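Heads up: the structure comes next, in structure tokens.
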Amino acid sequence: AGLMSRYDAGAWNEQVAVVNIGHTLTSFQIFSEGKCLFYRPIFTAGQQITKDVLSITNDETIDMKQAEELKHKMTLNPTGVDVGNLTPLEALIYNISEQAVLKEFSLVRKLDITFEYLPINIKKRINRVIYTGGTSSLNGLVEYVSKNTTLPKGEVLELGARVMRE
């Protein structure tokens, strides 16, 4: 609630879903007039996407740090990509991007399930979805979530510099 009043005072009067995608935990919260109406921890976050990137590449020469770097180069909403002119690294990134978030128990799927099971009286009044946390800044993630789930279109609220884990 304090987050919204400091960074977006207009959100105070709306019913807003806040999705904080951190390194090891994603939290899904719904606020209305400064009160938290719903909270669900989702134990899938940026670290799991990194592990998925590592397993998808299936390359024993790539370590977690390199997989983390690949994750931040991914794009989940590519436009105008000429796959015939990609470098080998760009082709790898292009191929792993959707696979990393489409897994059966992926973060995107868990967000969709969480939203689907909200009581209808709460769900229908959600005006906005605000994404925070380092993983929310992955290129195209917010657009991908709104396109492939029942969540309303969201926006990323940048709060500070991203921390790279080793």
Side-chain angles (χ1 to χ4, degrees), residues 1-56 64 67-68 70-79 96-166:
L3 171 76
M4 290 188 297
S5 65
R6 281 194 302 273
Y7 291 97
D8 188 353
W12 185 264
N13 297 319
E14 300 176 310
Q15 188 157 297
V16 179
V18 177
V19 180
N20 181 4
I21 310 172
H23 183 64
T24 57
L25 177 71
T26 297
S27 62
F28 186 100
Q29 296 172 278
I30 298 178
F31 290 94
S32 182
E33 297 179 357
K35 294 183 179 119
C36 182
L37 303 178
F38 178 84
Y39 171 79
R40 178 178 180 220
I42 300 172
F43 296 96
T44 301
Q47 183 179 45
Q48 184 60 51
I49 294 174
T50 303
K51 288 178 180 178
D52 291 344
V53 166
L54 188 61
S55 71
I56 290 165
M64 280 295 281
E68 180 79 10
L70 280 174
K71 176 181 80 174
H72 287 286
K73 291 177 182 175
M74 292 184 342
T75 182
L76 297 167
N77 196 24
T79 54
I96 64 173
S97 294
E98 276 203 9
Q99 291 180 47
V101 295
L102 276 178
K103 290 188 153 205
E104 184 177 356
F105 297 108
S106 72
L107 174 61
V108 173
R109 181 71 184 119
K110 289 179 181 179
L111 287 172
D112 195 31
I113 290 169
T114 299
F115 189 73
E116 278 296 307
Y117 285 97
L118 284 173
I120 193 71
N121 63 328
I122 292 177
K123 183 167 45 176
K124 71 179 180 182
R125 293 191 329 238
I126 293 176
N127 304 92
R128 296 169 58 196
V129 180
I130 298 173
Y131 292 88
T132 65
T135 302
S136 67
S137 64
L138 287 180
N139 190 9
L141 179 65
V142 170
E143 294 85 357
Y144 185 86
V145 170
S146 70
K147 184 174 142 185
N148 293 284
T149 70
T150 56
L151 273 85
K153 187 168 179 10
E155 61 199 86
V156 176
L157 180 61
E158 295 285 342
L159 300 176
R162 176 181 19 214
V163 176
M164 294 294 282
R165 306 252 190 240
E166 297 204 20

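Keep in mind the model is a prediction, meaning the values are calculated, not measured.
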side-chain hydrogen bond (donor to acceptor under 3.5 Å, both in side chains) with [X]: which residues, sequence neighbours excluded?
X: Ser146; value: none
X: Thr50; value: Glu68, Lys71
X: Thr149; value: none

Please round to the nearest 0.5 Å and tell me the distance separating atom [atom1] of [X] and atom [atom2] of [Y].
X: Ile130; Y: Glu14; atom1: CD1; atom2: CD; answer: 8.0 Å
X: Leu107; Y: Ile42; atom1: CG; atom2: CD1; answer: 6.5 Å
X: Arg125; Y: Leu37; atom1: CZ; atom2: CG; answer: 7.0 Å
X: Leu151; Y: Arg128; atom1: CG; atom2: CZ; answer: 14.5 Å
X: Ile30; Y: Leu118; atom1: CD1; atom2: CG; answer: 4.0 Å

For [X], all residues meeting side chain to side chain contact (heavy atoms under 4.5 Å, CB included), sequence neighbours excluded:
X: Gln29; result: Ser27, Phe31, Cys36, Tyr39
X: Val142; result: Tyr131, Val156
X: Phe43; result: Leu25, Pro41

Partners meeting salt bridge (Lys or Arg N to Asp or Glu O under 4.0 Å) with Lys123 (sequence neighbours left out): none
Is the backbone N or O of Thr150 less than 3.5 Å from a side-chain atom of Asp112, with the two atoms forming a donor-acceptor pair by type? yes
Does Thr26 use its side chain to pair, donor to acceptor, with the backbone of Thr44 at less than 3.5 Å? yes
Is there a side chain to side chain contact (heavy atoms under 4.5 Å, CB included) between Val129 and Val145? Walk through the geometry before answering. CA-CA 11 Å; Val129 180; Val145 170; over 6 Å; no
